[in-house]
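What you see is a predicted model, and the numbers here were worked out from it, not measured in a lab. So that the names make sense, note that chain A is the first sequence line, chain B the second, and so on, each numbered from 1.
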Amino acid sequence: MAALLIDQSASSEMLPSFALEPCEGAARRTLRTQIAQLDRLLSAASCEAFPDRLDLPALAAREPRIQSLGELELLRDGLIGSLREARDALAARELERAAARELLEQMLLDPAKHRRVRISQRELGVGGCGVWSVMPRLGPMGRLMGWWRVKLSSGCPLAT
Amino acid sequence: MSSEVAAEFPGLRADWIDCACVDHRCDRGVGERLALLASRLNGRQALELRQQHVPAAYRSFLRQVGIDPDQQPTPIEQAVLGRLLSGGNLPQDRISDGLLLALLETSVPVVAFDAALTSPPIEIRGAADNELVAGVGVEQGTLILTDSRQPLCQLFASPQPPLAAGAKSDRLLLVAIIVPDVSAIVGDEALTIAAAAISGG
């Protein structure tokens, strides 16, 4: 019967270099693929956030060069952090929009209880720059009589 | 391509083409094409550009070489940002217009060198220790474009005089930098568009 003896005390330095290099190459390839995928997800998040801007951590300006394994890992981890922040920001924005939509529904159901409340289309996540506001019908007369209504302004054609 | 760079980034390459530039004045036809490209653009399209295949490949590549594309945008994003800020693709000169047209049409960056001062083949490699690129020392390992005699410029940087094509250059060497995941045909298209716009063909 054949027996295989393994020297547990042998360090990795004793291994021949050809056994390590392919492993590092594979690791680098995997990290580069992960970085590319994360960048695509981050781009999608930036596009989803439009017209708002995501404030994500930035890398310092550098010159292009082949990154070491450690640098690639740091890059990958940084992108994971950025993606998490982007998704949190989008989720928080969606909650704000849902709250704004709910408020608009309540305004429409009972304008008198929401006097002078204003909600912009942007807060609702709708395109354009119109504003929903609760205003008195017929000006001062409506205010005195309690005739309140919800009005959508037409917005501005050349919004800045 | 140096073996180290080729092993790290299979598919990264520099393609080149030689072209004549007899007249350096702006070409009306090219100006009209630039104006047409400018008129179709708005902020949302400019942002969504990064999700298209070729611009996304350049963004990924910049990330992989340690550059944050949100801080130092890819050439196509820089061109589109310039269009948004200036309100149009303003004509400059025949060479700049030709390079901009190729970039906007294909998203592949093309740079122009004076053909009299450069000698192909063009390759991409890491800079040696204390190597001078366009008279400026760069860090060891910085990715640079070189010809058979000298370093030309840093990857994705604008060429500097005297190697850069200028008003006195009558023959140009156009170089397209093609990153992994971008088809060779797109690079060829960029070079052909730039050469035709510059030489008036």
- Message: Less than 4.5 Å to any heavy atom of chain A: does that hold for the side chain of B:Glu8, its backbone, both, or neither?
- Response: both

- Message: For the OG atom of A:Ser43 and the CG atom of B:Leu47, what is their distance to the nearest 0.5 Å?
- Response: 8.5 Å

- Query: Would you find more than 12 non-hydrogen atoms of other residues, nucleotides or ligands less than 6.0 Å from B:Arg171 atom CZ?
  - Reply: yes

- Mind ranking B:Ile144, B:Val65, B:Leu62 by heavy-atom pairs under 4.5 Å with chain A and telling me who comes out on top? B:Val65

- Item | Heavy-atom contacts under 4.5 Å, residues 64-83 of chain A to chain B | A:Pro64, A:Arg65, A:Ile66, A:Gln67, A:Leu72, A:Leu75, A:Leu79

- OG-CZ distance between B:Ser60 and A:Arg32, expressed to the nearest 0.5 angstrom: 12.0 Å

- Message: With rounding to the nearest 0.5 angstrom, report the CD to CD distance, A:Glu63 to B:Gln140.
- Response: 12.5 Å

- Can you establish whether the number of heavy atoms outside B:Ile185 located under 6.0 Å from its atom CD1 is more than 12? no

- Tell me, side chain or backbone of B:Glu48 under 4.5 Å from chain A's heavy atoms, or both, or neither? both

- Item | Per-residue contact mode, B:Gln64 against chain A (heavy atom under 4.5 angstrom) | both

- Within 6.0 Å of CZ in B:Arg149, more than 12 heavy atoms from elsewhere: yes

- Query: For chain B, which residues from residues 90-108 of chain A have at least one heavy atom closer than 4.5 Å to it?
  - Reply: none

- Against chain B, label A:Arg28 side chain, backbone, both or neither, depending on which of its atoms sit under 4.5 Å from a heavy atom there. side chain

- Task: Step through the shown structure and confirm whether more than 12 heavy atoms of other residues, nucleotides or ligands are within 6.0 Å of CG on A:Asp88.
- Result: yes

- So among B:Arg59, B:Arg50, B:Arg63, which one has a side chain to side chain contact (heavy atoms under 4.5 Å, CB included) with A:Leu42? B:Arg63

